[in-house]
Amino acid sequence: MRIGYPCINWTIGCKGDRTFRLNSYSEERLIETVQNNLDCLFKMLQFNVANEILFFRITSDLVPFASHPVCSLNWQEYFKTKFAEIGQFIRAHRIRISMHPSQFIIINAKDAKVFENSLKELQYHTEVLDLLGLDSSAKIQVHVGGVYGDKTAAMERFVQRYPLLPAAVRQHLVIENDDKSYDLADCLNISGATGIPVLFDVFHHQIKNNGEATREALILAGKTWHAADGRPMVDYSSQQAHAINGKHAETIDPDDFSKFMTLSRPLDFDIMLEIKDKETSALKAVELLHSDERFIRA
DNA sequence: TCACGTCAAGCAGAT
DNA sequence: ATCTGCTTGACGTGA
C-alpha cells in the first residue's frame, strides 16, 4: 500500500505545473517552462521518497500545449535525457505514478473532432510515461465521458471506441467512477466489455452508488486489475464540512481516513488523496499508516 | 507591486 | 442564458 497526492507540493517552494497563455507561445518559452516543470517534478519526487510518499500524480501541465497544433518543438527528443533521469529515480524507489487528464478527454464523444483531440491528449500522456520508462502499472485515469441524454448509447460508444485506441495508450488507461454520471456499476459494466481496469473513487461512490458497501466496491473494482496493471489504485477524499455536497476536503479527516483504512483491511491498493492541502495530508496519512501494525505498509 | 479579466479543449447540473 | 465544477488558480496586461 502506498500513499500519494496529486500534482502539486506546497512545501518545497517550486511548482511543476507552470504554464503560459497560448498567445505567448514560443519555443523558448516552452523549453524554459518544461525545464522548470521537470526540475520541480524531480524535487517533489525526492521530497516524497524522503517522506515515504511513494505514489504521485504527475500534472497534465508538465508540457503545456503538447497536444496542440501550435507545439512545434520535438520536446520528447529535447528532454529525453532529463525524462530518463527522473524515470530511473522513479523505478529505483518503486514510486507508483498516475496521471489524470482534464475534463476535455471524451473517449465516447459524439463529435469526431472532440474524439480526435482527446486521442492526441491521451497520446501525449502516454509519451510522458514512456519517456520515463514506466510500464503498464503507471496509469492514466479518465472518466467515461459524456452522456448526451442516453447513457446506454454513450456506454456502447465507449466500448466501440476503446479497441480503436493505440495499444500503447490502452495499456495505461483506466476509468474512474464519477459522482454525476457513471457510477461504479456502469464502470464495471464497461470493464466487463473491454477489459479496462476500474479505478475506484471512494468519495464519488459515497455520492453516487447502487448500494454497494465501500468494502464490497473495493473488491469489485480490484478484480478488474490484472497482474500487469499493478496494484489497484484508489482515489480517496472526504466531504468538506459546511460546503456543498461533493466538495473535496481542505485537509484530511483522520477519523474518516482511519475508518476507511480499517474497513478495507486486508485489501491492498495504492491510495491517492484528493485533498486540497496535498502533501500535508499525505504526511499525516503515512503517519497514520505506520501507527497501526494491522495496516499494510509495503 | 498589485488588481483583476481571462485562460485550448467539454459536459452536466444548478441558478 | 449564464455560471460553476471538474485534479489545480495562475498568467499577463495595465495601472
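Note on naming: letters A, B, ... go to the chains in the order of the sequence lines (proteins, then strands), and numbering restarts at 1 for each one.
Using modelled atom types, no side-chain atom of R170(A) and backbone atom of I196(A) make a donor-acceptor pair closer than 3.5 Å.
We find the CE-CZ distance between M99(A) and R57(A) to be 10.5 Å, quoted to the nearest 0.5 Å. Taken to the nearest 0.5 Å, the CD1 atom of I175(A) stands 14.5 Å off from the CD1 atom of I140(A).
Taking atom C1' in both dT7(C) and dT1(B), one finds a spacing of 31 Å when rounded to whole Å. Rounded to a whole angstrom, the distance from the P atom of dT8(C) to that of dC7(B) is 22 Å. For the P atoms, the distance from dA3(B) to dG5(C) is 22 Å, rounded to whole Å. Between dC11(B) and dA10(C), the two C1' atoms lie 24 Å apart (nearest whole Å). dC6(C) and dC2(B) are spaced 29 Å apart, taking the C1' atom of each and rounding to whole Å. Atom P of dA1(C) sits at a distance of 27 Å from the matching atom of dA8(B), rounded to the whole Å. Nucleotides dA12(B) and dG9(C) are separated by 22 Å at their C1' atoms, to the nearest Å.
Along DNA chain B, read 5' to 3', the first and last nucleotides having any atom under 4.0 Å from a heavy atom of chain A are dT6(B) to dG13(B).
Look at E85(A) and K82(A) and you find a salt bridge, because one of the NZ, NE, NH1 or NH2 atoms lies within 4.0 Å of a carboxylate O, short of that distance. The residues K208(A) and D178(A) are annotated as not salt-bridged, no charged nitrogen and carboxylate oxygen being separated by less than 4.0 angstrom. Taking a cutoff of 4.0 Å between a charged side-chain nitrogen and a carboxylate oxygen, R18(A) and D61(A) do not qualify as a salt bridge.
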Taking distance alone, no hydrogens or angles, what donor-acceptor pairs closer than 3.5 Å link side-chain atoms of residues 64-76 of chain A to residues at least two apart or in another chain?
from   : atom 1 : to      : atom 2 : distance (Å)
S67(A) : OG     : E121(A) : OE1    : 2.6
H68(A) : ND1    : V70(A)  : N      : 2.9
S72(A) : OG     : E27(A)  : OE2    : 3.1
N74(A) : OD1    : E77(A)  : N      : 3.2
Q76(A) : NE2    : E127(A) : OE1    : 3.1
Q76(A) : NE2    : E127(A) : OE2    : 3.1

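Looking at heavy-atom distances under 4.0 Å, Y148(A) makes contact with sugar-phosphate atoms alone, never a base. Residue contacts for V70(A): at a heavy-atom cut-off of 4.0 Å it reaches no nucleic acid atom on any strand shown. Nucleic acid contact for Q141(A): none, since no nucleic acid atom lies under 4.0 Å from a heavy atom of the residue.
If you look at F203(A) and Y236(A), their ring centroids are not closer than 6.0 Å. Not less than 6.0 angstrom separates the ring centroid of Y182(A) from the ring centroid of H143(A).
Applying the salt bridge (charged side-chain N to carboxylate O under 4.0 Å, His left out) test to every pair with at least one member in residues 248-266 of chain A, sequence neighbours left out, gives no pairs at all.
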Heavy-atom protein contacts under 4.0 Å, nucleotides 6-13 of chain C, coded B base, S sugar-phosphate only, - none: BBBSBBS-
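DNA chain B forms stems at B:1-7 with C:9-15, B:10-15 with C:1-6, each a run of 3 or more consecutive Watson-Crick or G-U wobble pairs whose two key distances fall under 3.5 Å.
For F83(A), there are no ring pair (Phe, Tyr, Trp, His ring centres under 6.0 Å) partners two or more places apart in sequence or in a different chain.
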